[in-house]
Every structure is written in C-alpha cells, then in structure tokens.
Protein chains: 2
Amino acid sequence: MQKILVLGAGKSATDLIHYLLDHANEHDWQVIVGDLDIELATQKVGGHSRGQAIFYDVMDAELTDRLVSEVDVVASVLPAKLHYLVAEACIKHKKHIVTPSYISSRDKAMEADFRNNGLLFMGEMGLDPGIDHMSVMKMLDEVRHLGGKVQAIRSFTGALIAPESDTNPWHYKFTWAPMNVVLAGQGTAQYLKNGRPKYIPYNRLFELTETYQVEGVGAFEAYANRDSILYLDKYNIPEVPTFIRGTLRQKGYCDAWNAFVKLGWTDNTFPIINSEKLTYNDLVEAFLPTDASEDSRSLDIRMAEFLDVAPDSELMDQMRWLGIFDHIQIQKPKATPAVILHDLLIEKWKLDENDKDMIVMIHLFDYELNGQMHRRQSTMVMKGKDRDNTAISATVGFPMAIMVKLILTGKVSHLSGIHMPIMKEVYEPCLKELAELGVHFHEAEITDNMSSEIHIS
Amino acid sequence: MQKILVLGAGKSATDLIHYLLDHANEHDWQVIVGDLDIELATQKVGGHSRGQAIFYDVMDAELTDRLVSEVDVVASVLPAKLHYLVAEACIKHKKHIVTPSYISSRDKAMEADFRNNGLLFMGEMGLDPGIDHMSVMKMLDEVRHLGGKVQAIRSFTGALIAPESDTNPWHYKFTWAPMNVVLAGQGTAQYLKNGRPKYIPYNRLFELTETYQVEGVGAFEAYANRDSILYLDKYNIPEVPTFIRGTLRQKGYCDAWNAFVKLGWTDNTFPIINSEKLTYNDLVEAFLPTDASEDSRSLDIRMAEFLDVAPDSELMDQMRWLGIFDHIQIQKPKATPAVILHDLLIEKWKLDENDKDMIVMIHLFDYELNGQMHRRQSTMVMKGKDRDNTAISATVGFPMAIMVKLILTGKVSHLSGIHMPIMKEVYEPCLKELAELGVHFHEAEITDNMSSEIHIS
C-alpha cells in the first residue's frame, strides 16, 4: 500500500482529496488528510475506508517530520510561503512533493537537494500556475512539430462567475483569494512585444485592456500580469518576440476597478484615521479632491465628475450598487483603504449557494509557416457545480492529483529536482485525463482575420 | 573648555562647522569634526586653531564610544537611520545630541533613557524639519496671544534654485538629496481639511497643486507632503480643523513631473531588462502604450498625445530638454526606472559653479478674532552664495549650531528626553539669531482677500 499525505483541506483541496480517494482502491492507496481544522478534514474524507483525517499544524516541525516519514508522496495546498517547511522534511525522508503554488526562491534553494536525492518537487501544478503552463507547452510543441515559427504567445486566465450566476453589475464575484483581487497588479507589469520589453505602471494597468469574445460565455477583458517576461526563460522560448500573460475579467470590470485605483482605495500601506467611525460615504468624500463644503451637489454626482463619466453610466451603477455612497458605518478600526474595500466586496461579491464559478483560459499563438502567418486559439471554459464544488477546486486539485498518480505509478521516475509541468511526459497524460474530467481545451485555427492584430494598447 | 563633536562633514555640515568655529574663542569651545573622508573634514575645519579633523566611521562602535566619551555634546549630520548608534553612546556617557533628521522610531525608543539621565536629544533641528516647526510654533503662540482661534494652517517649504540661476525649462536644479526628489510622494498623502482627514494617492498628487505668489521671487506650486496629520499631535493643536504641510516647486514643475509618474519612470522596485543597452528613446518607447511598429510618427509626438498636451507645449519642451527622446545610451546595468531617471537628472539638473540655491518657506494661518476671519502669512526666502555655500547648508546648519550653543551655555538645561524644537525657550532665541544670520521671516496680515479661500483641490 502506498500512502499519500494531503496537507490542507480547504476549498482548493476538495477535488484533490476526492480524486485520490476515488482512485485509492484501484491503486491500493491510503490518503491521509491533515488540517488545523480536523472537522474540515474529516468532512472532506467523508468516511472513505482508505481515507484518514488528522490534525495538522505546519508550525509543528516534529509532526511534519513524523507524518512525512510515514508516506510516499506529499500533496501540499498550504499557503505558498510554507511549502518549504514540508519540503525540508521531504528531503530528509526522501519523499516527493507536489504543490499548486509559484515556486519561491526559498523552494528554489533546495533544488540540488531534491535532484541529488532523486526526488521530485513539482510546483506550479494547479490552474494558474499549472494548467496554463501545460496547455501552452502543448501548443508550442504542436506548432513546432508542424515546422511553424512562433511569433507571439498571449495567454490569459480568469477565475470568474458563470453567466447564469452573473447577477450583479460588476459581473464578478469572489471565487478565490479576495485580497489578491484587491491588490492585483500593484507595481509595474512587464511583457514582451516585437522583441522588446514593454512596461505598464499600475496607474494605467486597468486602462490598457484588450477584449476577447468567447463563444457561449461572453466578452472578456484581459490586463497584463506582473512579470510575463520571466516565463520566456522558464518555457525556454527566448526566440519568441511577443509574449504576454494576463488576467481575464468580464467586460466592464476593469474600467470600474480603475476608478478605485484612481480614487486611491487599493492602498494597503497605511490605516485610515478613525476608520471605525466613518461611513463609506465619508471615505469617498475623504478621497475626492473637492468636498461637500465647496460643492453642494450629491456625492455620486461629484464622483462621476471626478471620474469623467456620466452620472447614469454603467460605471456609476457599479459604484452605487456597491453602496460606497451610503451612510453605512465601516466599523473596523485601523483599516487600510484596501482592507475596507476588501471587507465591503466580500459582502457584495459573495457566492450564493447555487452560484457556479467559471474558469476561462485563452491562449493565442501567432506563428509563421511556409511564409504565411497563422493564428491558433485554444480556449478552456469550465464551470463549477455550486458554491462548494467549484471549477477552481477542480482545476487546482485535479492536476495535483494526477501528478501524484504519475509519481506513484512510476511514470515520471526519471524526473528529479524542482520543476514546473512543462515536460511532455507530464503535460500529455495530465491534459488528457483533465479533458476526461471536464477540463477541456477547444483549439481552432484562425486564418481569415489576421489583419486585425490583437494587441494590448 | 567645552568640546563639540560634529559627525559628518558633507554639504549640510559646512555652516554648522563654520558657525561653531566662529564662536569657539568666545565660548572656549573645541570643535572636533569626524568624517569617513578626513580630507573633507580637514577642509571644512580650515586650519582653525580650535578645530580638529578626524577620521570617523559610524560603523566603528569602539571609535564612536571613545569620541562621544570625550566631548560635551554631539551634532550629527549622519544619515538619519544611523543617529541611533551615536545616541546609544550618548546615553552611556551622558551627553546631549542634536540632529537635523526626522526622529525615527528607533530614536524614539530611547526617550526614557534620555529623560531619566537628564539628557537632551534634539531632533528635527534643521530646515524642514526644523525651521518650519519653529516658525509655525511662533505664529501659533502669537495668534493665541492675540486671542485668535486658528482655523487653518498651511505650511510649505521648497529647496529650489534662485531666479538668477534658473536657466532651464524645469526651473529646478538639485540642491539636496536627488533620489528623495525622484521618489517624492510615493504612497498616499494625508492632510486635514475642515476637521476631516483627506487623502491623495500618488497618481493624483502632482495634479492637485495650489499656486502661491511670492513677491520678488516668483510663483510656486505646492503639493501635499506624506503625512501632515501626524503633526497636529506633535504641535499639540488637535483643535485646528485644517492643516496641511507641503513641498514647493517653481511653477510648471509639477505637471511635468506628473508625466513621469504617469509614464511609470519613478518606480524603484524592479530593474529594466538590459538597461545598459537601451537609449533613453528606447525607454520612453518601452513605457508608451503604442510603439513605432504601429505608429510611424516621431516619439515626442506620440508622447505628447499620450500626455494629452500639445507637441509645442511647455511640458514637451521640458521633456525634450532632458533628452529623453535622444538616442543616447543609458549604460548602467540592472537599473530601475527611478535610478535611470535619477542618473539623467543629476546630469541635467546639476548646479553650475556660481549657481545660487534658494529656500522658500510659506506659512498661512487663518484665524478667527472677534468674530472676523483673518489671514496671516509668513514667508522666508533665503538664497545661497554659490554652489558650495548654499542656503540649504545655512538653514540646516545654523539651527543645529545655535541649539548646540543653547545647550552649552546652559539655556535649556531643564529640557531632557527626545524633542523637536517646538518650545518657546528654543524657537525664540533660535529664530532671533537665525534672522541675524539672514534666515528672516516676513510676516503680513492679509485681510482684503479672504473670499478667495486657498485650498488644495
């Protein structure tokens, strides 16, 4: 019997745990699920005879050490910064580990230890990062196999709300870490265009969007992710002249979000004075350049003027719908603008019980073949079942689970060191099984519309 | 004989050292000047019989300990973050210390040690912070003495260039820490207006300026400093409903600087890829949303369009004068945008040998007296003599030197603990002597123009 240790039983672990338990009899696995909240772990294991729920605290080094020593592979959905604590135990006891998080510099420092011990640390094995890497690499290999020369790669992912659950003027609800959404994009975005790095500062990021239409599910806006250029090296494609990774939002979101950037409500670095005594209305007033003592018009009218939009515009409907002009008390003391916005949004953008989330991933490849330019588009749309069985959980958990299976069935025993899933022996079986599980890419060649070059501008 | 230890012999120490040496015979002082660059220290001491130049490295704790033990008072113009190393030695050997820097939280932690030992740590004893505190407190006390109720305080300082040395379209040259100018204002500015905190994010800071005319020297724009509200407590004036501190620039500067903010050139958090191979022209291109492959017009024309100004506007003249459209190589590797901008500006904005710098400080007090509103304005303009004998050096060094004298002549022996110069027994003699040294405030009552309320908007 092989033993798998799953660390973390939260939202993103649901499908990981279920997949492993569903395949446990077939492969003679035992699945140990550890979480600070043992009830949550127990609930996820659901009384399965091959499952076991235990209390787990990553800060208990002795416990980590003992648990890791007793299993064959670890699948960690702990916070990204904490994987290294488990990875250290993996080196000591010669175990493999799979995570869905960006590989940190702290992880990276253990590369030689994993490699020299013949161990695999597979990071970035979730949705984004994860499925994005695998599907891009598959397209790359296909185009290269045809003899095509890749000129441009545009790769966008959004964790969104399904059209049938889209019930607010923002066309958005939180399906994933809310604070990450509030702080998204701070700094300067970097991407490659025609062989040259391009830079977009935060104050223009949400203005510089490009719109993509996806049949059946609507129109999406993409804004550039933090550092796309890093991935040219990671994908080993220094020759590709245009490369951008980005985030998708339903149309109408980015303009409205940019209003918060302009207003200053996404700053997380200082507390608002007496925040607990203010109303949202007061807070808008505090950030507007003029105030009621100088201009007797209502706050929303002055806000519209500040934003240079019509008072009856969609953007102002979005603002009014959030209640930012209401005389409702913020209550939380010493809150930063970003925290206040976060707290408001988690109320307004929360999922209803039957709401379905939706993942949309779009890759666009422009390539030259026999002197002609071609465009290949690959699109993945996946909807969740309800608030608990989300597309996020499936797209993060299934790749991890499949990776665990590949390891335990000896399919990748030649791999050692720290990796992300860009090698064919990983992405091929993984994408194949993901398609069977409903994570399916639709590919199409677009040859008739190459004159309208898509660009971020 | 009393001994004074001056730590740091750089630009801002010149007048401090000269004042102390000039008064050394009269008071029977010896002045020891320490610097990493002993030649610089020797030059500043200038062979004076009561002066001594020595090598000093603040990282040498033993040296600090020995030097502090041998003197009566320390005047430190070291970098602000390093004062605490000297202050610790001051506690040990029971000595007083004077600095021109903002009192740091590390300094503040030593408050009880200074107080319990009857020692004085006088911080913020330079220009700004320093003279600004003293002159505001003087006006406050005067208005209160009249029976006036202060309704608004606006306090602005600029370290600028004298009109006769204003030879470029920016009307600005570096007379003080250049990197601080490049990074000025990042974050969110906070001030108080009509009893309520107001906030200005960086992306709007240089747009929200107010213009002030100062007779004889021109028009100045003020933008809000980081956190004005802090000073309501420090000045002990919680009852004042409008309070703002700000920075002055010659008219035309802020709009043009805002172009760099919008472009993204003030970001100091990431390196430009291959910066050493790029030209300034390339770097503008890299930050513009469109590029030459899509728009064949010249770069400056596209920049003007991006900034929404006319190609022949003053702002575009300022940009062209800096050479940012030129094909000149940046050369420095791994440079952040802010470092690249800094390096360009220190070339372009450097002082010529005979250039005179100029300090402008403006305080505006609105107060109610006998049911009527009044405005009192206090203005200080001081010009330097040349590139080496600057107004900055005088306005930073003289207050420190006078403070040292007040300590050594026993005028403030009742003061202990960590302070800034807001007490009458300090600001009164200090401002009086500063006026004799040419740092003179001109006060005027403005009663005819109260209808045009000055505000930042």
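Quick note: numbers below take in every heavy atom, side chains included, and nothing from hydrogens, waters or symmetry partners. Each chain gets a letter, A, B and so on, in the order its sequence line appears, and its residues count up from 1.
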- A:Tyr199 and B:Leu263, any side-chain heavy atoms less than 4.5 Å apart: no
- Should we count NZ of A:Lys234 as having more than 12 external heavy atoms under 6.0 Å? yes
- Message: For A:Lys81, I'd like to know if atom NZ has over 12 heavy atoms of other residues, nucleotides or ligands within 6.0 Å.
- Response: no
- Drop me the distance from B:Gln190's CD to A:Ile272's CD1, to the nearest 0.5 angstrom. 7.0 Å
Can you give me the closest heavy-atom contact between [X] and [Y], atom names plus distance?
{"X": "A:Thr290", "Y": "B:Lys198", "result": "O-NZ, 3.5 Å"}
{"X": "A:Phe287", "Y": "B:Arg204", "result": "O-NH2, 2.8 Å"}
{"X": "B:Pro197", "Y": "A:Ala286", "result": "O-CB, 3.5 Å"}

- Does any N or O in the side chain of B:Asn203 come within less than 3.5 Å of the main-chain N or O of A:Val261, such that one atom is a donor and the other an acceptor? yes
- Message: Could you check whether A:Glu285 pairs with B:Lys193 (Lys NZ or Arg NE/NH1/NH2 to Asp/Glu carboxylate O, under 4.0 Å)?
- Response: no
- Among the options A:Leu278, A:Asp291, A:Leu283, pick out the one with the most heavy-atom pairs lying under 4.5 Å from chain B. A:Asp291
- Item | Part of A:Thr188 within contact of chain B (heavy atom distance under 4.5 Å) | both
